[in-house]
Trainee: 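Please see the structure below; I have some questions.
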Amino acid sequence: ETGVTQTPRHLVMGMTNKKSLKCEQHLGHNAMYWYKQSAKKPLELMFVYNFKEQTENNSVPSRFSPECPNSSHLFLHLHTLQPEDSALYLCASSHLPPLDGYTFGSGTRLTVV
Amino acid sequence: AQTVTQSQPEMSVQEAETVTLSCTYDTSESDYYLFWYKQPPSRQMILVIRQEAYKQQNATENRFSVNFQKAAKSFSLKISDSQLGDAAMYFCAYRSRSGGGADGLTFGKGTHLIIQP
């Protein structure tokens with residue numbers, strides 16, 4: 001266990017479903033991140049939260065909706081996804097500045113059918 | 001924008017031998033950090049080694065060392081005495097020093113390292 005916990009580990013959802021991914025850290029970090037990892041592509045940064053405020057949104061489609069209720073929890077709400085959204089979604093956390101680096105969770109493997 | 005390129009999709013090495021993974025990057029900045037991360041089948045990204053661009057000395061961590069060539073924008077990872085547990089995807093990553101780090105990491109596509117027993 002790295003200190004960053006992601007649930008669920010696997011998720012299969014239909015294109016009309018609504019689901020949420022959860023990330024939790026108790027490392028005292030003040031920044032949390034969502035990355036998308038697709039096959040044969042570099043990891044893509046989706047969202048960054050700094051002290052619960054969103055500071056980065058790399059043109060992510062609105063069918064992905066992040067929520068950060070406090071500095072320990074991060075959610076990614078999903079609705080009306082497309083099959084190309086199937087990927088591994090990784091959460092990470094860090095101090096700011098990230099002098100100690102980033103701590104990653106083990107990801108949620110999402111399949112959209 | 002910064003880009004990171006890993007030109008070797010897959011590498012194979014005999015156990016106990018040495019292997020070098022390549023990484024090049026493109027940036028207009030002079031101060032930044034470079035990282036190598038390992039992703040085993042458990043999927044968790046694990047930091048292997050990091051290098052600060054203003055330090056000329058190459059970073060080392062036990063069997064892992066880097067060859068950092070700032071002018072060439074090259075950052076290769078050498079793994080000595082390869083072990084079966086080293087089998088994983090390896091990702092090269094870049095972080096700007098400016099912005100306080102809130103812009104996260106820029107990753108390459110990764111190199112799949114296979115260890116032959």
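The sequence lines fix the lettering, A, B, ..., with proteins before strands; numbering per chain opens at 1. Since the structure is predicted, the reported quantities are computational estimates derived from the model, not experimental observations.
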Trainee: Could you tell me which of B:Ser42, B:Gly110, B:Ala93 has the largest number of non-hydrogen atom pairs under 4.5 Å with chain A?
Mentor: B:Ser42
Trainee: Using atom types as modelled and distance alone, determine if a side-chain donor or acceptor of B:Arg43 lies under 3.5 Å from a backbone N or O of A:Arg9.
Mentor: yes
Trainee: Please check if the number of heavy atoms outside B:Lys109 that lie under 6.0 Å from its NZ is greater than 12.
Mentor: no
Trainee: Measuring centre to centre across the rings, with the benzene-like ring taken for any Trp, is B:Tyr37 within less than 6.0 Å of A:Tyr102?
Mentor: no
Trainee: Step through the shown structure and confirm whether more than 12 heavy atoms of other residues, nucleotides or ligands are within 6.0 Å of NZ on B:Lys70.
Mentor: yes
Trainee: Is chain B contacted by the side chain of A:Leu43, its backbone, both, or neither, given a heavy-atom distance below 4.5 Å?
Mentor: both
Trainee: Looking at side-chain heavy atoms only, is the closest gap between B:Gln39 and A:Leu90 below 4.5 Å?
Mentor: yes
Trainee: Can you name the closest pair of heavy atoms from B:Arg50 and A:Gly101 and give their distance?
Mentor: NH1-N, 3.9 Å
Trainee: Taking atom CD as the centre, does B:Gln56 end up with more than 12 heavy-atom neighbours from other residues, nucleotides or ligands that are less than 6.0 angstrom away?
Mentor: no
Trainee: Under a 4.5 Å heavy-atom cut-off, does chain B meet the side chain of A:Tyr35, its backbone, both or neither?
Mentor: side chain
Trainee: Flag yes if A:Leu76 and A:Tyr49 sit in one hydrophobic cluster, no otherwise; membership is Ile, Leu, Val, Met, Phe, Trp, Tyr, and two members link when side-chain heavy atoms are under 4.5 Å apart.
Mentor: yes
Trainee: In terms of heavy-atom proximity below 4.5 Å to chain B, should A:Ser38 be classed as side chain, backbone, both, or neither?
Mentor: neither
Trainee: For atom CD of B:Gln57, is the number of surrounding heavy atoms from other residues, nucleotides or ligands below 6.0 Å larger than 12?
Mentor: no
Trainee: Within a radius of less than 6.0 Å around CG of B:Asn62, do more than 12 heavy atoms belonging to other residues, nucleotides or ligands occur?
Mentor: no
Trainee: Looking at residues at least two apart in the chain, or sitting in another chain, which of them share a side chain to side chain donor-acceptor pair (under 3.5 Å) with B:Ser7?
Mentor: none
Trainee: Report which part of A:Gln37 has an atom under 4.5 Å of a heavy atom belonging to chain B: side chain, backbone, both, or neither.
Mentor: side chain
